[in-house]
Peer 1: 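Here's a structure for you.
Just so you know, these numbers use all the heavy atoms, side chains as well, and skip hydrogens, waters and symmetry mates.
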Amino acid sequence: MTESAALQPDDVRIIRALQIAPRASFAAIASALGLTEGAVNRRYRRLRADGVIRVAGVVNPGALGQSRWLVRLRCRPGSGSAIADALAERDDVNWVALSAAGCEIICATQSRTREQREDLLGQRLPRTAAVIDINAFAMLRQFLGGRGHYWSALQGTLTPEEEAALGSDGPPFSESPVVAREPLRLTAEDEKLLAALAADGRAGLVDLATATGLTPGRVSRRLDTLIRHRAVHIDVEIAAAALGYHARANLWLRVHPSAVKSAGRALAREPEIAFAAAISGPWNLHAVAHCRDLDELFEFTSERIGSLTGLQSMEVSPVLRHVKQAGTRLYGDRLVEPPGARARR
């Protein structure tokens, strides 16, 4: 990050406040943290302009009845960056990272329809000449990931009293089925609402009403329904490097089948872990770790992850370049606003 993006203690406190209540007003955040509303407003806008944070609504296709997949691609030398960038342009690919000196791509698909998923996994990628090998793994159970304050690295930034004063926009996503047994049906207004939230998760009810053609009251009620059914969550994306986390890695774990649940739940309790899920295939657990440097990554994986009950083997795949996370593109270590997104109160 550039010097202009250097974080002050109050910046980190505001980020944590947003993790807890991402749609809270600046006035509410200021009251909880003992700051002025103007100071919170200015700091938030600078953090967003510097690519440190971004608040956005992220759709969960599992709530709509669609499965989610992790994909590992092995590419010819020199081709990885171009393929990763092309994947990141797709709306149905919400996470892309380059590993193995740029010869491996790991991505997560968020296909809204079966046809969309089959087009990507069954047609486009296999026909790409530079792709040497493809492995796709279905997500079977999500232990950690998604909503707001799931990343516990910032726990302790605020006092319990400050966190209580902020309330909450609902509990963070934790262990949950990947695909809902009773999918939610979206209306045309829902689709417009989701599109508006994807551009700005803090958009006010009046702006959302304008985007959907509904009244602010109906928008509020429908948003509550979508969040309650986990069709969407308001995510606070953070450029981890801005907080001093420069070593990121994908962890592929093989554990005894009887230990998958306990190991997944143990992973979810680790502050360094930002995502954890049970998956199909030879590696039955996948996790994403954020550490301050490679030495910390080594200590973390060898001592705490290495001692997990039932662990049989583990592959640590450091991320060379993060291309996209939770639907947001990155340039270097900065989050990039999508075209048309505007900062709102």
Side-chain angles (χ1 to χ4, degrees), residues 17-29 54-68 91-92 94-95 108-117 139 141-151 163-237 275 277 326-328 338 340-342 344-345:
L18 288 167
Q19 284 190 313
I20 295 168
R23 287 183 53 81
S25 68
F26 291 145
I29 294 173
R54 182 169 179 266
V55 183
V58 178
V59 175
N60 170 25
L64 309 179
Q66 293 300 319
S67 58
R68 297 161 59 195
D91 291 336
D92 59 336
N94 77 321
W95 195 92
T109 68
Q110 293 269 98
S111 301
R112 297 279 295 278
T113 66
R114 179 180 299 177
E115 292 75 19
Q116 191 179 42
R117 184 180 69 245
M139 293 189 198
R141 174 69 59 86
Q142 183 170 310
F143 295 102
L144 184 69
R147 152 79 171 89
H149 51 297
Y150 71 89
W151 188 27
E163 294 204 0
L166 287 162
S168 175
D169 279 1
F173 272 21
S174 54
E175 183 176 347
S176 60
V178 173
V179 182
R181 292 181 178 176
E182 297 182 3
L184 188 68
R185 301 288 183 182
L186 297 181
T187 66
E189 289 79 10
D190 289 337
E191 294 285 2
K192 294 176 183 178
L193 176 57
L194 294 174
L197 289 169
D200 181 6
R202 287 180 54 79
L205 293 178
V206 172
D207 289 326
L208 295 176
T210 300
T212 58
L214 302 174
T215 65
R218 288 188 64 189
V219 164
S220 178
R221 291 190 294 273
R222 194 56 190 167
L223 177 56
D224 288 343
T225 297
L226 292 174
I227 291 175
R228 188 172 63 254
H229 286 84
R230 295 189 170 185
V232 66
H233 64 270
I234 309 302
D235 194 53
V236 180
E237 277 303 297
F275 175 84
T328 300
R342 296 182 292 114
R344 300 185 178 97
R345 285 180 68 89

Peer 1: Please list, chain by chain and in numerical order, all residues satisfying side-chain contact (heavy atoms from CB on, under 4.5 Å) with A209, sequence neighbours excluded.
Peer 2: P216, V219

Peer 1: Check I20 against G167 and note the closest heavy-atom contact, atom names and distance.
Peer 2: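 Heavy atoms only, the tightest pair is CG2-O, 3.2 Å.
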
Peer 1: Taking only residues two or more places apart in sequence or in another chain, which ones pass side chain to side chain donor-acceptor pair (under 3.5 Å) with T215?
Peer 2: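 Expected list: none.
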
Peer 1: Taking the side chain as every heavy atom from C-beta outward, state whether L186 and L194 have any pair of such atoms under 4.5 Å apart.
Peer 2: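 A side-chain contact exists here, since the closest heavy-atom pair is under 4.5 Å.
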
Peer 1: Which atoms form the tightest heavy-atom contact between R68 and P61, and what is the distance?
Peer 2: CG-CG, 4.1 Å

Peer 1: Within a reach of under 6.0 Å around CZ of R228, are more than 12 heavy atoms found that belong to other residues, nucleotides or ligands?
Peer 2: yes

Peer 1: Got a sec, which residues hit salt bridge (charged side-chain N to carboxylate O under 4.0 Å, His left out) with R222, two or more places apart in sequence or on another chain?
Peer 2: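 D190.
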
Peer 1: Sequence neighbours excluded, which residues qualify as salt bridge (charged side-chain N to carboxylate O under 4.0 Å, His left out) partners of R218?
Peer 2: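 R218 satisfies salt bridge (charged side-chain N to carboxylate O under 4.0 Å, His left out) with no residue once adjacent residues are dropped.
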
Peer 1: Working to the nearest 0.5 angstrom, can you tell me the gap between L18 CG and I234 CD1?
Peer 2: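 Rounded to the nearest 0.5 Å, the CG-CD1 separation comes out at 12.0 Å.
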
Peer 1: Taking the side chain as every heavy atom from C-beta outward, state whether Q110 and W95 have any atom pair closer than 4.5 Å.
Peer 2: no

Peer 1: Who pairs with D92 by side-chain contact (heavy atoms from CB on, under 4.5 Å), at least two apart in sequence or on another chain?
Peer 2: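 Residues passing side-chain contact (heavy atoms from CB on, under 4.5 Å) with D92: R90, S111, Q116, L120.
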
Peer 1: Please give me the minimum heavy-atom distance between S67 and V179, naming the atom from each residue.
Peer 2: CA-CG2, 3.6 Å

Peer 1: Looking at A63 and A180, what are the two nearest heavy atoms and their distance?
Peer 2: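 Looks like CA-CB, 4.0 Å.
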
Peer 1: So, using salt bridge (charged side-chain N to carboxylate O under 4.0 Å, His left out) as the criterion, who are the partners of E189 when residues are at least two apart?
Peer 2: none

Peer 1: Does D91 CG have over 12 foreign heavy atoms under 6.0 Å away?
Peer 2: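 Atom CG in D91 is not crowded, with 12 or fewer foreign heavy atoms closer than 6.0 Å.
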
Peer 1: Would you give the length of the straight line joining atom CD of E163 to atom CD of Q19, rounded to the nearest 0.5 angstrom?
Peer 2: 9.0 Å

Peer 1: Under the criterion side chain to side chain contact (heavy atoms under 4.5 Å, CB included), I'd like the reasoning laid out for N60 against V232: C-alpha separation, chi angles, the key distance, then a yes or no.
Peer 2: CA-CA 6 Å; N60 170 25; V232 66; over 6 Å; no

Peer 1: Does any non-hydrogen side-chain atom of R54 lie less than 4.5 Å from one of P338?
Peer 2: yes

Peer 1: Do L197 and V59 come close enough that some side-chain heavy atom pair is under 4.5 Å?
Peer 2: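 Side-chain contact under 4.5 Å: no.
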
Peer 1: Would you say that R23 contacts L205 through its side chain, given a criterion of any heavy-atom pair below 4.5 Å between the two side chains?
Peer 2: yes

Peer 1: Give the minimum heavy-atom separation between A326 and E237, together with the two atoms involved.
Peer 2: CB-OE2, 3.1 Å

Peer 1: Any side-chain heavy atom of L193 within less than 4.5 Å of one from L214?
Peer 2: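 Sidechains of L214 and L193: no contact.
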
